[in-house]
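This structure is a prediction, so every number in the text was calculated from the model and none was measured. Residue numbering restarts at 1 for every chain, and letters A, B, ... go by the order of the sequence lines.
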Amino acid sequence: MLDIQFIRDNPDLVQEKSKQKNVIVNIVDLLKLDEKRRILQTNIEELREQRNKLTAGFTGKPSTEDIEKGSKLKAEIAEIEAQLLPIETDYFKLLKQVPNIPLDDVPVGETEEQNKVTKTWGDKKEFDFKPKTHWEIGESRGLIDKERAAKISGARFTYIKGGLVELEFALIQFVMSTLGDSNIIEQIIKENQLNLVSKAFIPVLPPMMMRTTPYTATGRLKAEEITYKLADDDLWLIASAEHSMVSMYMNEILERQDLPIRYIAYSTSFRREAGTYGKDTNGITRMHHFNKLEMEVFSDGSSALDEHLLLIGAQEYITQKLAIPYRVILKCTADIGSPNARGVDIDMWLPGQEVYKESHTADYMTDYQSRDLKIRTRAQDGTIELVHTNDATALALERTLAAIIENYQTKDGQIIVPECLRPFMGGKEQI
RNA sequence: GGAAGGGUGACCGAGUGGUCGAUGGUGAUAGUCUUGAAAACUAUUGAGCCCGCAAGGGUUCCGUGGGUUCGAAUCCCACCCCUUCCGCCA
């Protein structure tokens, strides 16, 4: 959530920026509730002070007169507390709806149409035959079986088989070894002219279910459209490793010398995909669960924007090693998430479909998530500050498989293994 | 899932109704002493919120949420987590 003090000081700005993000929230109402809340809170605290002073002197059973005084105070406190409760409920509900403020370079826009392509990389391969889609190749060669998956699980599920599985495991190892190498991190930092330490990413296998309280605090729980809930437990299936990664340090104070903390997490992501009927029904680019390598960084505010750019640099490095053409997109105010201050997508080129398809996202949240999660850091002078959080896709594995199939296909339906993956596949050159 | 024990500050650990936000120790920081270091000694050392320009004052927090009471770390209820044993299991 946003800092209430900041909202009090900049109500018009916050109202305007919320509108730019297509978020309907009434800042005037919020500030009225805030004022009511503070008046009642002050009242309660004054009464409590009286009560504390009254009981502080007692060593045994107090006089009847004092007990009466205490009873009266107790009743008064209870009455005001009862008034405060619904106001606080409404207040927090509204406050949590207020989105993060986008950075100045985020384009203002109402739909994804206003996203800006900032870079295009790679030469699209010229095929001397008509390139096929990944599902034509995958289904004809028995590497993808959605029909049987539909019988068992319904739409948007698949069996992935054979060489594609080898390819997926090779991708995992390739990414882990790349991001785990501080020399490569240093190279990416230099190429992007960033002012950062060249610390390697630590691999993590995070929990894939989490409770309502931490999930809500991430600002990412969207029960209707995205998140699956377990019926008999207070548990949700994570829609991204980001969600159980960013909440990892909830309620903690991190030592400044330990920052930045960089993680590369592998997990399955589960998504209901409600409201996407008819979209991406072919192939394996929109399944109810998919596997993903996700970067998560905790840093101080001064270096957080550079960390965001590092994560994008890492995405590009990996995609370039795979030699898949892509474009980089700076998302507009309406298309970045509510907790985001900035968001960048990378779209990989799919020659079988002749489209760029979203494969990566990089999200910079400033201190918006950490305020709710209470993730702080102690500066050298002892003052406590909120950390800044960054997350970004390292690789969405099934979408990358689709891109490899379509970009590396041969006329007879074979798939050439990208060179950077061969060391992880026993030198195999095609599948 | 069943039985028993337990969750207190960065860490260890006292505290079973009344100045307890919490004894003591460790660690950390500063100082004294020392050529320097160690040791010893002294002091400081949790977080959130509210009021205030500030100085400062107040309030809340002892796993979480309720309750009893004039007063709760301490009593009651529910839940969560940890440990051990049994059961089940990869």
Side-chain angles (χ1 to χ4, degrees), chain A residues 1-9 30-96 98 205-218 229-236 244 247-259 261 266-268 298 300 367-387:
Chain A
M1 59 188 176
L2 217 53
D3 183 6
I4 184 64
Q5 189 61 53
F6 181 84
I7 301 175
R8 284 177 204 144
D9 295 343
L30 174 64
L31 292 178
K32 276 184 194 159
L33 284 170
D34 177 45
E35 206 182 328
K36 278 188 197 167
R37 171 185 147 260
R38 284 148 74 197
I39 290 167
L40 291 176
Q41 187 178 338
T42 307
N43 287 348
I44 289 170
E45 287 180 2
E46 281 166 358
L47 290 169
R48 278 178 182 159
E49 184 181 359
Q50 288 180 39
R51 183 199 58 191
N52 290 346
K53 282 186 175 154
L54 179 72
T55 57
F58 300 157
T59 49
K61 183 146 173 98
S63 67
T64 318
E65 194 186 329
D66 282 339
I67 289 182
E68 266 174 35
K69 271 190 203 169
S71 295
K72 205 181 156 212
L73 282 171
K74 187 182 174 181
E76 286 176 46
I77 291 169
E79 194 191 319
I80 303 178
E81 278 175 343
Q83 288 175 36
L84 179 60
L85 188 68
I87 291 171
E88 272 199 325
T89 307
D90 291 348
Y91 164 77
F92 279 112
K93 197 176 155 198
L94 265 185
L95 180 59
K96 281 172 194 246
V98 180
L205 297 172
M208 297 194 215
M209 300 177 202
M210 53 192 288
R211 295 192 181 153
T212 305
T213 303
Y215 217 143
T216 306
T218 63
K229 174 82 168 69
L230 271 65
D232 296 329
D233 300 275
D234 176 32
L235 286 172
W236 302 80
S244 55
S247 47
M248 182 179 194
Y249 292 117
M250 187 169 84
N251 297 331
E252 292 190 39
I253 299 174
L254 306 173
E255 293 302 328
R256 179 57 58 97
Q257 74 244 24
D258 295 334
L259 300 179
I261 300 174
Y266 171 76
S267 86
T268 301
F298 302 88
D300 63 80
D367 58 7
Y368 188 93
Q369 275 182 323
S370 57
R371 183 168 293 104
D372 238 345
L373 289 162
K374 298 185 177 62
I375 310 172
R376 291 153 294 169
T377 178
R378 199 186 309 278
Q380 299 295 345
D381 64 359
T383 54
I384 304 282
E385 296 165 3
L386 292 166
V387 304

Does the protein touch nucleotides 61-69 of chain B at the base, only the backbone, or not at all? Give it as B, S and - per nucleotide, heavy atoms under 4.0 Å. --------B

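- With C1' as the reference atom, rA10(B) and rU29(B) are 14 Å apart, rounded to whole Å.
- Checking rA30(B) for Watson-Crick or G-U wobble geometry (two distances, each under 3.5 Å) identifies rU42(B) as its partner.
- Between the P atoms of rU74(B) and rG67(B), the separation comes to 14 Å (whole Å).
- Phosphate proximity of rC50(B) to R48(A): absent, as no side-chain N or O sits under 4.0 Å from OP1 or OP2.
- Rounded to the nearest Å, the gap between the P atom of rG7(B) and that of rA14(B) is 9 Å.
- Only the P atoms considered, rG71(B) is 32 Å distant from rG56(B), to the nearest whole Å.
- Near RNA chain B, defined here as any heavy-atom distance below 4.0 Å, there are no residues from residues 76-86 of chain A.
- Scored by the side-chain hydrogen bond (donor to acceptor under 3.5 Å, both in side chains) test, T216(A) finds no partners at all (sequence neighbours excluded).
- Put simply, the side chain of E45(A) and the base of rG58(B) share a donor and an acceptor less than 3.5 Å apart.
- Atom name C1', nucleotides rA73(B) and rG18(B): the rounded distance is 14 Å, in whole Å.
- Taking the charged nitrogens against the carboxylate oxygens, K53(A) and E49(A) do have a contact shorter than 4.0 Å, which makes a salt bridge.
- Using P as the reference atom, rA28(B) and rC11(B) are 15 Å apart when rounded to the nearest Å.
- A salt bridge links E81(A) and R48(A); the closest N-O separation between the charged side-chain nitrogens and carboxylate oxygens is under 4.0 Å.
- When heavy atoms are screened at a 4.0 angstrom cut-off, N52(A) is found touching the sugar-phosphate backbone but no base atom.
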